[in-house]
Amino acid sequence: MARLDRATALYPGSFDPVHNGHMDIILRARRVFGRVVVGVATNIEKRTMFSAEERVSMLRGATAGYRGVEVQAFDGLTVDFARRIGARVIVKGLRAMMDFEFELKMAAMNKRLEPDIETVFMMTSPEYAYLSSTLIREVSQFGGSVAGLVPPAVERRLRQVARSARKVSR
Ligand code: PNS
């Protein structure tokens with residue numbers, strides 16, 4: 001049995017943008033696993049607000065100085081990327097009921113694709129249970145404050161985007 005503190009875990013997502021619920025999972029995963037690779041999916045179906053490069057750069061900024069945490073972009077299947085980086089564990093955050101069905105399907109499909117890789121769920125901390133990148137984008141686009149909900153550099157970038165969108169629509 002591999003020791004968890006020497007194991008690599010992959011935390012995949014779209015991170016559009018990263019918020020404090022994600023940061024909480026990254027920190028907690030790092031307490032369990034020796035190396036946590038945050039995988040930024042680039043070939044996702046949904047249209048993103050931020051380019052892959054920006055999503056990676058915001059995450060790198062937010063996790064700078066976190067020992068044992070790396071941020072990498074990937075395309076293709078999550079399980080293929082997990083195998084390439086030597087991760088036998090995929091970590092996902094679970095927010096109460098809203099994520100369960102979708103995450104269960106993804107975990108089952110990933111297990112079928114790659115039986116040696118386990119998906120491990122961490123319950124989102126209660127203070128972040130309502131947070132999602134979709135809500136963050138929406139609130140900030142309409143001029144609401146997301147201070148304290150995202151890393152400070154992400155908040156600044158969101159404010160910039162909202163300001164330029166307002167200029168364009170004037
Ligand atoms: O943050 P998200 O949008 O919930 O992340 C979803 C993500 C990126 C983890 C998922 O869409 C994914 O794994 N995409 C990569 C392609 C893939 O492996 N698809 C099959 C999943 S069963």
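In listed order, ligands and their atoms are each counted from 1.
Nearest protein heavy-atom contact of atom 5 (O) of ligand 1 is G13 CA, 3.5 Å. Of the protein's non-hydrogen atoms, the one nearest atom 21 (C) of ligand 1 is N110 OD1, 3.9 Å. The protein heavy-atom contact nearest to atom 11 (O) of ligand 1 is I44 CG2, 4.2 Å. Among all protein heavy atoms, the one lying closest to atom 17 (C) of ligand 1 is L77 CD2, 3.7 Å. For atom 9 (C) of ligand 1, the closest non-hydrogen atom of the protein is K92 NZ, 3.8 Å.
Between T78 and ligand 1, an N or O atom pair is found at a separation short of 3.5 Å.
By the neighbour-count criterion of 12 heavy atoms within 6.0 Å, atom CD of E101 is sparsely surrounded, having that number or fewer from other residues, nucleotides or ligands.
For the residue pair S125/D24, the side-chain donor-acceptor check at 3.5 Å is satisfied.
Below 30°, between 30° and 60°, or above 60°: for F81 and F74 the angle between ring planes is below 30°, a parallel geometry.
If you look at S14 next to ligand 1, the close heavy atoms, those under 4.0 Å, come from the backbone and the side chain alike.
Here E54 pairs with R157 in a salt bridge; the nearest charged N to carboxylate O distance falls below 4.0 Å. In this structure, D16 pairs ionically with R137, as a charged nitrogen and a carboxylate oxygen lie closer than 4.0 Å.
With rounding to the nearest 0.5 angstrom, the CG atom of L158 is 11.0 Å from the CZ atom of R163. Note that NZ of K92 and CG of L94 are 9.5 Å apart. Values are rounded to the nearest 0.5 Å.
Proximity of G76 to ligand 1 is established by a heavy-atom distance of less than 4.0 Å.
For atom 13 (O) of ligand 1, the protein comes within 4.0 Å by at least one heavy atom.
Interface atoms of ligand 1 facing A41, defined by a heavy-atom separation under 4.0 Å, are 8 (C). Close contacts of ligand 1 with M109, meaning ligand atoms under 4.0 Å from a residue heavy atom, involve 22 (S). Every atom of ligand 1 with a heavy atom of M106 under 4.0 Å away is listed here by number and element: 10 (C), 22 (S).
For the pairing with H19, the side-chain contact (heavy atoms from CB on, under 4.5 Å) check across L135, I136, V146 returns one residue only, I136.
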